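Data first, discussion second: the structure below is written as C-alpha cells.
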Amino acid sequence: MERNMSLILLFFKYSAISTCALFYWRGTWILLDSYLFPGHSHRTAWASLLIGVLGMVVQHAYLIWPQQNIINAHSLVQQINLDNGSIEAVKPITPATPPPEGSAKCNNISYVKTYLLNHLKTYYCGFIVVNVWRGLWYCQ
C-alpha cells in the first residue's frame with residue numbers, strides 16, 4: 001500500500017512540474033507575441049533570436065567570470081593531491097547554510113534574498129530559452 005501511495009504522489013508531482021513548465025513556456029510565448037513587434041513576423045523573429053542569444057552569452061559570461069564567492073565545480077566533486085597522487089572527496093559548501101545553534105543570530109533576510117535570486121535566475125534561463133526557440137521557429 002505504501003509503495004502505491006508513493007507512486008501516486010510521484011505521478012502528481014511530475015504532472016504538476018510538467019504542467020507548470022508548459023504553462024510558463026506557452027505563457028511567455030504568447031506574451032512575446034503580444035508585446036514584441038506584434039504583426040511583424042520578421043522583426044519579432046530576429047528580436048527574439050537576438051534576445052535569446054545575447055541572454056545566453058550573458059549567462060555563460062556570468063558562469064565563467066571569476067568571482068570570489070563561487071566555488072569551482074571540480075572542487076565540489078573531488079580534490080586531487082598531485083604530491084602523493086591521492087584523490088579525496090570534498091563535501092560541497094553551500095553559502096546559505098545557517099550558523100550553528102548558539103552562535104550569532106541567523107540573518108533571515110539573506111536566505112530570502114538567496115531564494116529569490118535563485119528563482120530569478122531560473123526564470124531568466126527559461127526566458128532566454130523560449131526566445132531562442134521562438135526566434136528560430138519564426139525564422140523558418
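Values below: all heavy atoms of this structure, side chains included; hydrogens, waters and symmetry mates excluded. All of these numbers come straight from a predicted model, not from anything done at the bench.
Not a single donor-acceptor pair under 3.5 Å links the side chain of Ser48 to the backbone N or O of Ala45.
Here Leu31 sits in one hydrophobic cluster together with Tyr35; the rule is ILVMFWY side chains under 4.5 Å apart, joined directly or through other members. As a member of the Ile/Leu/Val/Met/Phe/Trp/Tyr network built from side-chain separations under 4.5 Å, Leu9 groups with nothing else and remains a singleton. Other residues sharing a hydrophobic cluster with Leu54 under the 4.5 Å side-chain heavy-atom criterion for ILVMFWY residues are Leu50.
Every residue meeting the side chain to side chain contact (heavy atoms under 4.5 Å, CB included) condition with Cys125, not counting sequence neighbours, appears here in chain and number order: Gln59. Scanning for side chain to side chain contact (heavy atoms under 4.5 Å, CB included) contacts around Trp25 gives Trp29, Val129, Val130, Trp133, with sequence neighbours left out. Residues forming a side chain to side chain contact (heavy atoms under 4.5 Å, CB included) with Tyr14 (at least two apart in sequence, or on another chain): Leu10, Ile17. Taking the ring-ring contact (aromatic ring centres under 6.0 Å, His included) definition, one finds that Phe127 meets it with nothing, sequence neighbours left out. Contacts of Tyr24 classified as ring-ring contact (aromatic ring centres under 6.0 Å, His included), with partners at least two apart in sequence or in another chain: Tyr123. In this structure His119 satisfies the side chain to side chain donor-acceptor pair (under 3.5 Å) test together with Tyr115, sequence neighbours excluded.
Each salt bridge (Lys or Arg N to Asp or Glu O under 4.0 Å) pair with one or both residues in residues 5-22, not counting sequence neighbours, would appear here, but there are none. Judged as a salt bridge (Lys or Arg N to Asp or Glu O under 4.0 Å), not a single pair has a partner in residues 114-132 (not counting sequence neighbours). Listed by first then second residue, pairs satisfying salt bridge (Lys or Arg N to Asp or Glu O under 4.0 Å) with a partner in residues 131-140 read Asp33-Arg134, not counting sequence neighbours.
Side-chain contact between Val58 and Tyr62 is absent, with no heavy atoms from C-beta onward closer than 4.5 Å.
Taking every heavy atom of both residues into account, Gly55 and Tyr124 meet most closely at O-OH, 3.0 Å. Nearest approach of Leu36 to Thr44, heavy atoms of both residues: O-OG1, 2.8 Å. Taking each heavy atom of Ile51 and Ile128 in turn, the nearest pair found is O-CG2, 4.3 Å. Across Asn131 and Leu32, no two heavy atoms sit closer than the pair OD1-CD1, 3.5 Å.
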